[in-house]
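Reviewing the structure listed below.
To find a chain, count down the sequence lines: A is the first, B the second, and so on, and within it residues start at 1. Remember, it's a predicted structure, so these values are computed and weren't measured experimentally. Values below: all heavy atoms of this structure, side chains included; hydrogens, waters and symmetry mates excluded.
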Amino acid sequence: MSKVKIGIIIDRYHLEQKATEFLKYLKLVANVSLYIEESYLLKSFDSTFDEDLFFVKGKGDLILALVKLIEKETSIPVINSYKGIWNAIHRFMNSVLLKKAGIPVPDFSLIPSEYPPPFESYIIKNIIDQKNYKFKPNIENINGAIKVSDERALTEMYNGFYGDMGNYHYLYYQKFIKSEWEYKIYIIGEDIYFYKQIPVLVNPNKMESRRKIAEIPELKELAFKAVKTTGLKITSIDFLQNKNGQFFLSDINCTPNFNYIKNGPKIVGEYLIEQAKK
Amino acid sequence: MTMKIGILSKKTTGMTGLMREFFENAGHTVKIYTLKDLCINEALFENDFYVLKSKKIVYIYAGHYLEKNNIPVIPNPNTIYNNKNRIEAHYLIKQTGLRLPEFYYGKVQTLKDQLKADDFPLILKPIMGSGSRGIKKVISFDDLEPKNDQPLYLEKYIEGTHYLVYFIENQVCILEKPPLSNEHVEMKKILLNDNNEDIQEVVIKWKSYYNLQFGHLDIVREDNTNKIYLVDPGSFPEFSNWWYDENPTPKICNLILKRYEDLKHNNHKNI
């Protein structure tokens, strides 16, 4: 039986830093074609693809455009979809959608930078989570009030996000949730994997404290609801738990690093092949 | 019935100011939210509905936020976003079956490596477009300059006569404009006649397909073929070159009020 053909839509960062093991495995079991953001020329009149499925590992504008073209011009499935990626990178939008779907998220607000913070304790996060740089928090504790700002958010603010904000500066505030653990949930299709770690604000070396944990039914229900709401098929989702035991979804990611799961590259590869054969 | 109306607009003058005047004269309360004071939070729930005048991304977010909280937003934020994002707009046009220019999208080095000399001339457009800002004709590789390592969106340049066409309900207003100019420059009024019936047909198809009350289109008639290309759709113009005697503002405002009533009625029906 011939191998399925899987197209990988990827940027150079993910190709060189995150996908080596995955591609090594995938090339054993499938025919693989690479579409690299930095060297791909998208032509609106060229949609002749012979792949059985596309997998997206990146979230830049060109990657999004290529996913849109494939979805519009062909019937080839793409994981994750345009809608899923768009919802995941537009932080304000996924907060709105998830809250509306009944998934608890920390209180949030998007306001001009000149305005006072809307919460006593807060995290300022980037509005569009599209670039490949890491979360770099500046943390202040002022009389017990925790004030965190992600350097990416401040850079984005001064550069004018989305290229059309001119001199107007906006900040996305998320209410700070004090949590002993940060729960990291990976979803690959129907499969779900549970981990916890000390929050990165307390210990930036997240892997030092990360451990696999047993399934938590409440988180499982919330995580699958989040996947359904956003349209993602492969994702990692962060949850925090306040002192009353309530969980809050604090982050959702469309390009999870599945190297952190035992046999992650193989699990993802097998899932993609199964989907390609459908 | 007196209503509280919010206008999401980057400025308080122009069409926004005129709409405020109209609504206030009709007894409504109006608040304009510019980028200086738009805070997207529950405070926005104070209005009965919103007019989405600006296409900037925070306004799109605000529109979605309001809609998700059952507050009508006119025009619909999806429509506004899809008109503004070049990729979305391309497929929006393609879906209607209307003719449109093809495009290339890639990083500068990729474009230099893979385009051929006879692919030029092209039009460079910002991926999130608004008016003529950032648009330039590219005639050779030398014109391709990197900008923040972002990919460049380049559209095939159609050599021909450029038109701006406004529409409000069934009224169509055609103007001949200098290529790549914005809505506000001086333009030549084109009377509706048999010679531009094809342009009118494009407008009718566009507005019917998406059930639009008003808007504008950039259209080019190609010199060589006489074919009509829809190059740029727009959702909420200033109507600064509207050439009919009748002032467009009351018409627009009444259509917005009518759409609000329809949405309210449908919401009640859905409940």
Checklist entry - Can you tell me how far the CZ atom of A:F92 sits from the CD1 atom of B:I57, to the nearest 0.5 Å? => result 11.0 Å
Next on the checklist: Hydrogens and angles aside, do B:E88 and A:Y82 bring a side-chain donor and acceptor to less than 3.5 Å of each other?
Outcome noted: yes
Checklist entry - Stepwise, does the side chain to side chain contact (heavy atoms under 4.5 Å, CB included) test hold for A:Y40 with B:Y105? => result CA-CA 9 Å; A:Y40 185 72; B:Y105 193 39; over 6 Å; no
Item to check | Parallel, tilted or perpendicular: rings of B:Y61 and A:H90 (30°, 60°) | outcome: perpendicular
Item to check | Candidate pair A:L42 and B:Y104, rule side chain to side chain contact (heavy atoms under 4.5 Å, CB included), full reasoning | outcome: CA-CA 6 Å; A:L42 190 152; B:Y104 301 95; over 6 Å; no
Checklist entry - Does a sphere of radius 6.0 Å around NZ in A:K233 hold more than 12 heavy atoms from other residues, nucleotides or ligands, not counting ones at 6.0 Å or beyond? => result no
Checklist entry - Does A:Y170 use its side chain to pair, donor to acceptor, with the backbone of B:L38 at less than 3.5 Å? => result yes
Checklist entry - Got a sec: does the CD of A:Q246 have more than 12 other heavy atoms crowding it under 6.0 Å? => result yes
Which pairs would a plain distance check flag for residues 100-110 of chain A, meaning a side-chain donor or acceptor within less than 3.5 Å of a matching protein atom at least two apart in sequence or in another chain?
| from | atom 1 | to | atom 2 | distance (Å) |
| --- | --- | --- | --- | --- |
| A:K100 | NZ | B:K68 | O | 2.8 |

Checklist entry - Would you call A:S44 and B:H90 a side-chain contact if the rule is heavy atoms closer than 4.5 Å? => result yes
Item to check | Structural part of B:D37 lying under 4.5 Å from a heavy atom of chain A | outcome: both
Checklist entry - Are any non-hydrogen side-chain atoms of A:L69 and B:Y91 less than 4.5 angstrom apart? => result yes
Item to check | Greater than 12 external heavy atoms within 6.0 Å of A:K131's NZ | outcome: no
Next on the checklist: Between A:L64 and chain B, with a heavy-atom cut-off of 4.5 Å, which part of the residue counts as in contact: side chain, backbone, both or neither?
Outcome noted: neither
Checklist entry - Which atom pair, heavy atoms only, marks the closest approach of B:Q114 to A:L41? => result OE1-CB, 3.5 Å
Checklist entry - How long is the span from the CG atom in A:D46 to the CD atom in B:E102, to the nearest 0.5 Å? => result 10.0 Å
Next on the checklist: Shorter than 4.5 Å, heavy atoms on both sides: which option in A:K72, A:E37, A:K43 has the most such pairs with chain B?
Outcome noted: A:K72
Checklist entry - Can you find a pair of side-chain heavy atoms, one from A:I111 and one from B:I40, that are under 4.5 Å apart? => result no
Next on the checklist: Checking B:N69 now: which residues fulfil side chain to side chain contact (heavy atoms under 4.5 Å, CB included) with it, not counting sequence neighbours?
Outcome noted: B:F45, B:Y65
Next on the checklist: Taking CD in B:Q95 as the centre, count heavy atoms belonging to other residues, nucleotides or ligands within less than 6.0 Å. Is the count above 12?
Outcome noted: yes
Item to check | Heavy-atom side-chain proximity of B:Y153 to A:D61 below 4.5 angstrom | outcome: no
Item to check | Atom CD1 of B:I139 with >12 non-hydrogen neighbours under 6.0 angstrom | outcome: no
Checklist entry - With a 4.5 angstrom heavy-atom cut-off, which part of A:F45 approaches chain B: side chain, backbone, both or neither? => result both
